[in-house]
Amino acid sequence: MAETTRKIRVLIAKPGLDGHDVGAKILCRALMDAGMEVIYGGLRQAPAAIARTARDEAVDVLGLSILSGAHLPLCRKVAAELAAVGRADLVWLVGGNIPRRDHAALRELGVKGIFPTGSAFDEVVAFIRAEVRP
Amino acid sequence: MTSPLARRVLSGERNAVARAIRLLDDREPAGAEVLRELWSAAAGARVVGVTGPPGAGKSTLVDCLIEAFRARGERVGVAAVDPSSPFTGGAILGDRIRMQRHAADDGVFIRSLATRGHLGGLSASTLDVLAVLAAAGFRTLILETVGVGQDEVEVNRVADSVLLVVAPGAGDAVQTLKAGVMEIAHVFAVNKADQPGADQVARDIEQLLAYREHGPGRADPGAAAGWIPPVVSSVAVEGRGIPELLEALDRHAGWLRSSGEERRRHRERARVAIVEQLRGRLDDALDARLPGRLDEAAARVADGASDPHAEAEALWAELSS
Ligand SMILES: Nc1nc2c(ncn2[C@@H]2O[C@H](COP(=O)(O)OP(=O)(O)OP(=O)(O)O)[C@@H](O)[C@H]2O)c(=O)[nH]1
Ligand SMILES: [Mg+2]
């Protein structure tokens, strides 16, 4: 076979009930412009569906956009579902309205990167590139 | 059987299926080893190709077809291809968003693929990906191509039956019908039949088909005669026209078998797979045995000092000596 054509694969999803996804869509675009393959999972996804999609698509990175304030219960469910499908190894990012006081609890659940609303896309790109083995 | 990953794929373990596909899509050498042990188990699966202009409703129809096949108890694998950016190599893979209701169904495996520079409307890995899905027990396979313009017709080589989806309005249906894309369709779906102009599109297709029946220049001269593509109207967002589409696809599958065309198409598919591997070998051989020489030749050709035929001749002579 010729040289590998490896790309970083990312799943971007919005669990929970908030119906606003412009930010998530622009992030998809920024990651694409950075040369990544981005699967956009859409709005209102159940944690189990997100984990199953991450597994079936063999992504390196899962990015959740959560604006509703329900990040702790949602991420607890996602963490359990990721473990259940054998993908606790992926690089997990969360963005949105995430107050500082919750960061430690999220990291405890396995969240690697936390990007509060207003974070620069470049930061996200750089973080992913550093975390995903080439 | 030596590969543990292959064994896990054959037992239907989804994480293994996903990883095997990844290896093949990334063209990792380990992928070829796994595939070798899956190939015979993959034989005989049914592949329905779904193609058509951007936004015609391919993914929404695929979602409906998944539902219909599942209702008959078939296990369904889907490969959905979207284009990679030629500038950055990145891609947004958005097809599966229309198929989310199947996310919890163990009888469905959906995989998104990017073209990664491959032309023709598919990824270079598509055939391999379908083989992995088939080997894992997903015996009804649906392949959604990128939104095609005019000559992305590779799906015809990979699928048993090709469903061409067109819609009135944007993505100009008639434009699609002019060029090669129309020639490869076995079934037409005039989707968005709830929109004005759909009837006219259906009539246009019928007319073009009638002409083709009598006119010269069939797309695939080797193909058996006797199949006249049915034209089915659908409203994918409401699930309308789906039983009729399924019936048309099943009828085509039956005809493929009775006419001997299935055998011919499968051989053609195998031929393409081999040739694709040979091309890869050629690249490798150039790299390994004549390093840098392709670049030098390219510079000469670009400067007008030589021509592509002469350079290819010279490189080939050295490689085969
Ligand atoms: N009115 C109407 N809209 C439809 C119908 N089928 C699909 N759509 C809409 O058309 C848009 C495009 O549908 P998709 O299924 O994503 O089309 P596609 O051909 O897969 O698009 P690409 O993969 O981007 O080429 C969506 O907004 C659908 O909801 C239909 O029968 N009627
Ligand atoms: Mg689509």
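These numbers were taken from a predicted model, which means no experiment stands behind them. Letters A, B, ... are given to chains in the order of the sequence lines, protein chains preceding strands, and every chain is numbered from 1.
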Spacing of CZ belonging to Arg6(A) relative to CG belonging to Asp25(B), to within rounding of 0.5 Å: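 Interatomic distance, Arg6(A) CZ to Asp25(B) CG, rounded to 0.5 Å: 11.0 Å.
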Would you give the length of the straight line joining atom CD1 of Ile97(B) to atom OH of Tyr40(A), rounded to the nearest 0.5 angstrom?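 Here the rounded value is 5.5 Å.
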Answer yes or no: is there a donor N or O on one side and an acceptor on the other, between the side chain of Arg116(B) and the main chain of Thr5(A), under 3.5 Å?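 Flag set: sc Arg116(B) to bb Thr5(A) pair under 3.5 Å.
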Side chain of Glu37(A), backbone of Leu93(B): donor and acceptor closer than 3.5 Å? no
Which residues from residues 129-140 of chain B are near chain A, with near meaning under 4.5 Å between non-hydrogen atoms?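 The residues closer than 4.5 Å to chain A amount to none at all.
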More than 12 heavy atoms of other residues, nucleotides or ligands under 6.0 Å from [atom1] of [X]: is that the case?
X: Glu108(A); atom1: CD; value: no
X: Leu278(B); atom1: CG; value: yes
X: Arg101(B); atom1: CZ; value: yes
X: Arg271(B); atom1: CZ; value: no

Neighbourhood of chain B inside [range], taking heavy atoms under 4.5 Å as contact:
range: residues 24-36 of chain A; result: Cys28(A), Arg29(A), Met32(A), Asp33(A), Gly35(A), Met36(A)
range: residues 61-88 of chain A; result: Val85(A), Gly86(A), Arg87(A)
range: residues 112-124 of chain A; result: none

Taking 4.0 angstrom as the limit, do Arg9(A) and Asp26(B) come out as a salt bridge? no
State whether Asp106(B) and Arg52(A) are salt-bridged, where the test is any N-O pair (Lys NZ or Arg NE/NH1/NH2 against Asp/Glu carboxylate O) under 4.0 Å. yes
Contact leader toward chain A among Ser112(B), Ala103(B), Ala104(B), where contacts are heavy-atom pairs under 4.5 Å: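 Option with the top pair count is Ser112(B).
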Using every non-hydrogen atom in the two residues, find where Ala58(A) and Ala18(B) come nearest and quote the distance to one decimal.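 So the two residues come closest at CB-O, 3.6 Å.
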Looking at Val38(A), Asp56(A), Ile39(A), which has the largest count of heavy-atom pairs under 4.5 Å with chain B?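 Looking at each option in turn, the highest pair count goes to Asp56(A).
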